A.B. asks: 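Just dropping this structure here.
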Amino acid sequence: MAPLVLLQSSDWHVGSPLTGRGLGLGEELRALRRREVDEAPERLVRAARETAPDAVLLPGDLWDAGSVPPALFRKLVEAFEALAPVPVFIAPGNHDFAGPGGFYDGAFLDALGLPGWPANVRVFRSPGWETAAVPGRDDVTVTGRAFLSPLVEAGRPLSPPPARPPAPFALLMLHGSLESYRGPDVPSGEKKTAPFSREELLSAGFDWAALGHHHRMEVVARQDGSPAGAYSGSPTGRGLDETGPRHFLKVTLEEGSPARVETLSADCRKVLDLELDAAGRDGEGLRDAALALLLEAGATPGDLVRLTVVGRPAAATRASQALGDLKGLVAHLALRDRTLGDAEARQDRGTAEGRFALELESRLAATEDPRVRRVLELASVLGREALLGRVPAPPAEEDL
Ligand SMILES: [Mn+2]
């Protein structure tokens, strides 16, 4: 039996507005990044040329909202046509849900004069499990389902699991929340949608599970350590919850051997969220430490970086001034000054700076609200400048 080669991706979120993502991108860079988010389908087509897969698996969230412009939908369809004759399987998620009146609805496409889904694409449109054949590979089946609305699904999709078809290679596509996932986009509290455990996934007995919904790559291993499935993660870093390199997955299944998972670079730049401890450093020391940190993080000129400076620098050190000229090293550097006043002045209640520092620190200790905290941090940095008799530089715009 020939090995089975799969190409997997999900969570493109085409049409994302990229606002409020904490990076403070300027208009021009935001527009460029939006185009890059929208070009994930083209990058996938290039990855398919490289990997020559037997099938492409896309477990959901291909677009960000039902209001995605029809022009972007056309580009999506063109990419899928470019993949033909390779079969493409889509299991719609909670963002690109398959309800009536959406882009997965043929009548809706007809009414808008939009092209229908190409013949090589199979979309799972039912909320119940369905199994599809893979054209050209009668030894393979794909079992999938769809979200029909954006609402949180509290039901457990793998309890009970769908019946495993008897094919030598039985593949599963599932959009939902692996309960042990701990990436930066992990949902808080009870917001997990279509939740499932590793144990539920393993006992369902499939040869591979293509997972979507979470945005950091994560492989789910069997008891013997071999891969049972994976989230590829989103292919384009859109903000501080999608940091680091982004991947498409090439998965090779061969009878009698563990699945082989290889990553292909999916993004042309990356988002980095770095923290620098000012710890007694003067301006030059801060600059050297920041350069070392960028190097260690593998920063390249195209990257989008947030650098948070914490701790107590040497007296009268201004982090924003010391680090301002690092901005030329990457495409975007958002500097966040969270430094505290120097320890000696702070201990002296007899000085204005000492009382100011203590007052703000006690207010900071009293609140968890991130917006209030950020305002207090800025007040601390700007107030110290003013107390030192310097004109405070207005802080850069931030979107929290
Ligand atoms: Mn999702």
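Whatever order the structure lists ligands and atoms in, that order sets their numbers, starting from 1. This one's a predicted model, so the numbers in the text were calculated from it and none came from an experiment.
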A.B. asks: Does the side chain of Asn94 pick up a donor-acceptor pair with the side chain of His175 at under 3.5 Å?
C.D. replies: yes
A.B. asks: Distance-only, no hydrogens or angles: does the Thr317 side chain make a donor-acceptor pair with backbone N or O of Ala314 under 3.5 Å?
C.D. replies: yes
A.B. asks: Do Ile90 and Leu109 belong together in a cluster built from hydrophobic side chains that touch within less than 4.5 Å?
C.D. replies: yes
A.B. asks: Check all N, O or S atoms of His213 and name the one closest to the Mn ion (ligand 1).
C.D. replies: ND1
A.B. asks: Enumerate, atom names and distances included, each donor-acceptor pair closer than 3.5 Å involving a side-chain atom of residues 44-60, sequence neighbours excluded.
C.D. replies:
from: Thr51; atom 1: OG1; to: Ala47; atom 2: O; distance (Å): 2.8
from: Asp54; atom 1: OD2; to: Val5; atom 2: N; distance (Å): 2.7

A.B. asks: Tell me, please, if His175 has any N/O/S atom, main chain or side chain, under 2.8 Å from the Mn ion (ligand 1)?
C.D. replies: yes
A.B. asks: Restricting to N/O/S, name the atom of Asp61 that gets closest to the Mn ion (ligand 1).
C.D. replies: OD2
A.B. asks: Would you say the Mn ion (ligand 1) has Thr193 as a near neighbour, meaning an N/O/S atom of that residue under 2.8 Å away?
C.D. replies: no
